[in-house]
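Here is the structure we will look at, set down as structure tokens.
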There are 2 protein chains.
Amino acid sequence: MPNKNIPKSVIKRLAVYLRILDNLIANDVEIISSRELSEETGFTAEQIRKDLAYFGAFGTRGTGYNTSFLKDKILRIIGLDEQTNIVIVGAGHLGIALTRYNITKNPYVQVVAAFDIDPEVVGQYIIDTEVMHVSRMKEIVEKYAVKVAILTVPIEQSHNSVEDIVASGIKCIYNFVPTKLYVPEGIYVHNADLSIELNSLIYYATESKNKVF
Amino acid sequence: MPNKNIPKSVIKRLAVYLRILDNLIANDVEIISSRELSEETGFTAEQIRKDLAYFGAFGTRGTGYNTSFLKDKILRIIGLDEQTNIVIVGAGHLGIALTRYNITKNPYVQVVAAFDIDPEVVGQYIIDTEVMHVSRMKEIVEKYAVKVAILTVPIEQSHNSVEDIVASGIKCIYNFVPTKLYVPEGIYVHNADLSIELNSLIYYATESKNKVF
DNA sequence: CTTAATATGTTAAAATAATATCAAGGTGAG
DNA sequence: CTCACCTTGATATTATTTTAACATATTAAG
């Protein structure tokens, strides 16, 4: 195992660097220093260098980092060097938004299908992505080796959907449903928790006023 | 200032406790111990007690915490003791989803309006929330003392929208646009970064395979 | 009333993460 | 070629956050 417990925050920052590198490469920038990356990202240059140092030495002293080379390295670190297929479970507004969002923004990740149970929605297309009935999930997951399910169903449906997802063989759920999911051992759930984020944001929005507890 | 640099993670966990407490109160549970809260949330009991201890002593030794009392305390800590008004900027699928999501899930926060520039959308309603033209933002923000803007416009629009938001007097932006926002001093931006979250999730989804960097 | 059991809240220790320092490698001007 | 200047990457330091330990308070049973 080459990775000795990398902090979660490091991985997130890598994903940020990736986005910046994409922009730089699109603008034909070939070399970038940690200091310049610092200005783009808001993280300190030291932190950027240390983050990268967890995985190797990708820069050239006196010069900086080659943008394409670094991008490839980060892609490989994250696991995006080969295309990752995902599915959306729940083709409501949020599911549609995420499907479109993903298709337009992320060349490494492919939404291979969206699933729903509503006969009105099943069979429609979100740009290129077909909305299928949930009963076809296992078939699609096996065919495309789907790694991640994004869960965007109503709360009442979430329990059923989790069962479907687990039965299909997916091990990783990105949960947008504002409730705790109960999953078997070995299934990794990442919660989006938008309302929790909003609440904590409100804390900072109202921080200035005098509080007595 | 009663709060001496509380960790961000503490505030997020408070919002989680709040959600659990809502459920408990709905089920007429009056007392909960930190150990039981631990089982519900996945955080350790010690951490829960320490989080609360940042703000005071809300429990009873030998017994636990009164759910309603603790809920009120957390509401006040976060700043949700008086209703917080927010607006959605960008009434696309994501904006619609977040408007509905919020209305159904969060009694402390009110989406008072959504804004868009598309004449096809302006004038429509998302449940009870009217979609207005962006030109009315300042008026609405002043009328309802709006604290937070949720930004869900396309990337190309984000720069203009930030200007509108800042001009309206809002100091706090919850940004769902996958780009860095450039804002004046004093404006707090919280990034949702869904694609970054997804990428970091994929790291964990593919972690098992042998990686050579 | 006393004692055992339970749970909080405070204080201390450990683990983790961020920041600073600096040697080594690399570039380019003169 | 040499020197001055950059920038990385490794190491050390500091700060932060989590975990653990324990004294204090409460309840209930005998």
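Since the model is a prediction, treat every value here as computed from it, not as a measurement. Here is the naming used below: chain letters follow the sequence lines, and residue numbers restart at 1 for every chain.
- Taking 4.0 Å as the cut-off between side-chain N and carboxylate O, K138(B) and D164(B) do not count as a salt-bridged pair.
- The distance from atom CZ of R61(B) to atom P of dT8(C) is 10 Å, rounded to the nearest whole Å.
- Residues T44(A) and Q47(A) have side chains that never bring a donor and an acceptor to within less than 3.5 angstrom of each other.
- If you measure from atom CD of E46(B) to atom P of dA15(C), you get 15 Å, rounded to the nearest angstrom.
- Nucleotides of DNA chain D lying under 4.0 Å from heavy atoms of chain A occupy a range whose first and last members, 5' to 3', are dC6(D) to dA12(D).
- Atom P of nucleotide dA17(C) and atom NZ of K50(A) are separated by 10 Å, given to the nearest angstrom.
- At least one cation-pi condition fails for K71(B) and F69(B): the charged atom is not both under 6.0 angstrom from the six-membered ring centre and inside a 45 degree cone around its axis.
- The closest side-chain donor-acceptor pair between E197(B) and N199(B), if any, does not fall under 3.5 angstrom.
- Regarding contacts with the backbone of dA18(C), every side-chain N or O of T44(A) stays at 4.0 angstrom or more from both OP1 and OP2.
- In this structure, the CD1 atom of I31(B) is 17 Å from the P atom of dT6(C), given to the nearest Å.
- For the pair Q47(B) CD and dT11(C) P, the computed distance is 19 Å after rounding to whole Å.
- Going from atom CD of E36(B) over to atom C1' of dA7(C) covers 11 Å, rounded to whole Å.
- In the model, R19(A) has a side-chain atom that pairs as donor or acceptor with a side-chain atom of S195(B) under 3.5 Å.
- One can place CZ of R49(A) at 16 Å from P of dG25(C), the figure rounded to the nearest angstrom.
- Residue I48(B) contributes atom CD1, which lies 13 Å from atom C1' of dA7(C) at whole-angstrom precision.
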